[in-house]
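The structure appears right after this line, and notes come after that.
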2 protein chains.
Amino acid sequence: MRKRAALRQADILGVLEASDRPMTAYQILERLQVTEPDIAPPTVYRTLAALTDQGRAHRLESIKAFVPCRCSHVESVPVLAICEDCGSVDEHDGSDLLPKLTALTDQNAFRAERHIVEIHGLCGTCAT
Amino acid sequence: MRKRAALRQADILGVLEASDRPMTAYQILERLQVTEPDIAPPTVYRTLAALTDQGRAHRLESIKAFVPCRCSHVESVPVLAICEDCGSVDEHDGSDLLPKLTALTDQNAFRAERHIVEIHGLCGTCAT
DNA sequence: AAGTTTTATTTTATAAAGTAACAAAATTCA
DNA sequence: TGAATTTTGTTACTTTATAAAATAAAACTT
């Protein structure tokens, strides 16, 4: 990996970790531009792609935003619980969903490569 | 429900059903504009929102596209298996994932309202 | 180490996806 | 019918994401 790539990744992961809410690519961009005004969207997207590929961050597909991975980075099935009220996200390891997920697609000989599991609802605090 | 809304919904569902691939909102729009040139994005998005609310269509969050529901329309957990090679999508009823999904978020008193489960991989035909 | 090739990164520009806000039309119901 | 309500259409725009060309960095070669 190139040095600069690694630095950018650490940078962006730091931004994500410093936030208690998921951030969109453009929110991250804005944040980075405070210190480096010349950064453009492709830089952010490329770096986020690297981070998600490595499992160091997750993209919340249903809300187009990103969170740092707070689990082991090697979960086979990350489960992201999104609060629709306050916007907070909790991450869980859904590895033991795998047998049932596999059973569902097995008859079709589907070969799974990546699982996306997101739950929308209300977090403990907001539900009460 | 208003008559025109019902017609539009049937219209768009028909377009989706006639396709063997998921369609983006703008692909649907283009298709509709063949016969009704004045239709604009909000019409399509509004109608798609109604259809997905009713469970008559699903939005594939990870690829920003839509498919008609080919299950019962009342599945608690639709599971969509997306082939990364040919783009085909198979729908399964993942209702029996529910206990384990619930167990994951229970300790946090999270109240789930909607589950999103998508699997990326290779379909039987493309995997061989 | 200098020059050459390869690969990665930045820049520019634009494409694609989605929505806010208001205007017009249809529907409801007194 | 006609005033109130809701739905639909229109315009314009915002947000999200990426293609492609230009530039810079790293790696290789001798």
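This structure is a prediction, so every number in the text was calculated from the model and none was measured. Each chain gets a letter, A, B and so on, in the order its sequence line appears, and its residues count up from 1.
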- Message: Rounded to whole Å, how long is the line connecting atom CD of A:Glu30 with atom P of D:dT14?
- Response: 14 Å
- Query: Looking at A:Tyr45, does any N or O in its side chain come under 4.0 Å of the phosphate oxygens OP1/OP2 on D:dA17?
  - Reply: yes
- How many Å lie between CE on B:Met23 and P on C:dA16, as a whole number? 15 Å
- Note on the structure: Taken to the nearest whole Å, CD1/B:Ile63 to C1'/C:dA16 is 15 Å
- In residues 32-44 of chain A, what residues come within less than 4.0 Å of DNA chain C, judged by heavy atoms? A:Asp38, A:Ala40, A:Pro42, A:Thr43
- Message: Please confirm whether the shortest side-chain N or O distance from A:Thr24 to OP1 or OP2 of D:dT16 is below 4.0 Å.
- Response: yes
- Note on the structure: Output for pair (A:Gln33 CD, A:Ile28 CD1), nearest 0.5 Å, gives 12.0 Å
- Could I get the full list of side-chain contact (heavy atoms from CB on, under 4.5 Å) partners for B:Glu61, not counting sequence neighbours? A:Glu61, A:Ser62, B:Arg59, B:Arg114, B:Ile116, B:Glu118
- Query: Got a sec, which residues hit side-chain contact (heavy atoms from CB on, under 4.5 Å) with B:Glu36, two or more places apart in sequence or on another chain?
  - Reply: B:Arg8, B:Asp11, B:Ile39
- Task: Quick one: list whatever passes side-chain hydrogen bond (donor to acceptor under 3.5 Å, both in side chains) with B:Asp106, sequence neighbours left out.
- Result: none
- Query: What is the distance, rounded to the nearest whole Å, between atom CG of B:Leu48 and atom P of C:dT19?
  - Reply: 11 Å
- State whether A:Arg8 places a side-chain N or O below 4.0 Å from either non-bridging phosphate oxygen (OP1 or OP2) of C:dT10. yes
- Query: Does D:dT16 have A:Tyr26 stacked on its base, where the ring centres are within less than 5.5 Å and the planes differ by under 30°?
  - Reply: yes
- Message: My understanding is that a hydrophobic cluster links ILVMFWY residues whose side chain heavy atoms are under 4.5 Å apart, including indirect links. Using that, what else belongs to the cluster containing B:Leu101?
- Response: A:Val77, A:Val79, A:Leu97, A:Leu98, A:Leu101, A:Leu104, A:Phe110, A:Val117, A:Ile119, B:Val77, B:Val79, B:Leu97, B:Leu98, B:Leu104, B:Phe110, B:Val117, B:Ile119
- Between the side chains of A:His120 and A:Glu84, does any donor sit under 3.5 Å from an acceptor? yes
- Message: Please report the distance, rounded to the nearest Å, between CG in B:Leu7 and P in C:dT27.
- Response: 11 Å
- Task: Take the protein atom CD of A:Gln27 and the nucleotide atom P of D:dT16, then report the distance between them rounded to whole Å.
- Result: 7 Å
- Whole-Å distance between C:dG18 C1' and B:Ile28 CD1? 13 Å
- B:Ala57: side-chain contact (heavy atoms from CB on, under 4.5 Å) partners, not counting sequence neighbours: B:Leu13, B:Leu16, B:Leu51, B:Thr52
- Note on the structure: Between CG of A:Leu29 and C1' of C:dT9 the distance, given in whole Å, is 15 Å
- Item | Residues clustered with B:Val34, ILVMFWY side-chain links under 4.5 angstrom | none
- Message: My understanding is that only residues two or more places apart in sequence, or in another chain, count here; which of them pass side-chain hydrogen bond (donor to acceptor under 3.5 Å, both in side chains) with A:Thr102?
- Response: none
- Message: Applying side-chain hydrogen bond (donor to acceptor under 3.5 Å, both in side chains), can you list everything that pairs with A:His92, at least two apart in sequence or on another chain?
- Response: none
- Note on the structure: Nearest heavy-atom approach of B:Glu91 to B:Pro78 is OE2-CB, 4.3 Å
Report, one pair per line, the protein and nucleotides 22-25 of chain C atoms (nitrogen or oxygen only) whose separation is under 3.5 Å.
none

- Item | Between the first and last five pairs of the helix from C:dA1-D:dT30 to C:dA30-D:dT1, the angle of the axes, rounded to 10 degrees | 30°
- Task: Could you pull out all residues at least two apart from A:Asp96 that satisfy side-chain contact (heavy atoms from CB on, under 4.5 Å)?
- Result: B:Lys100
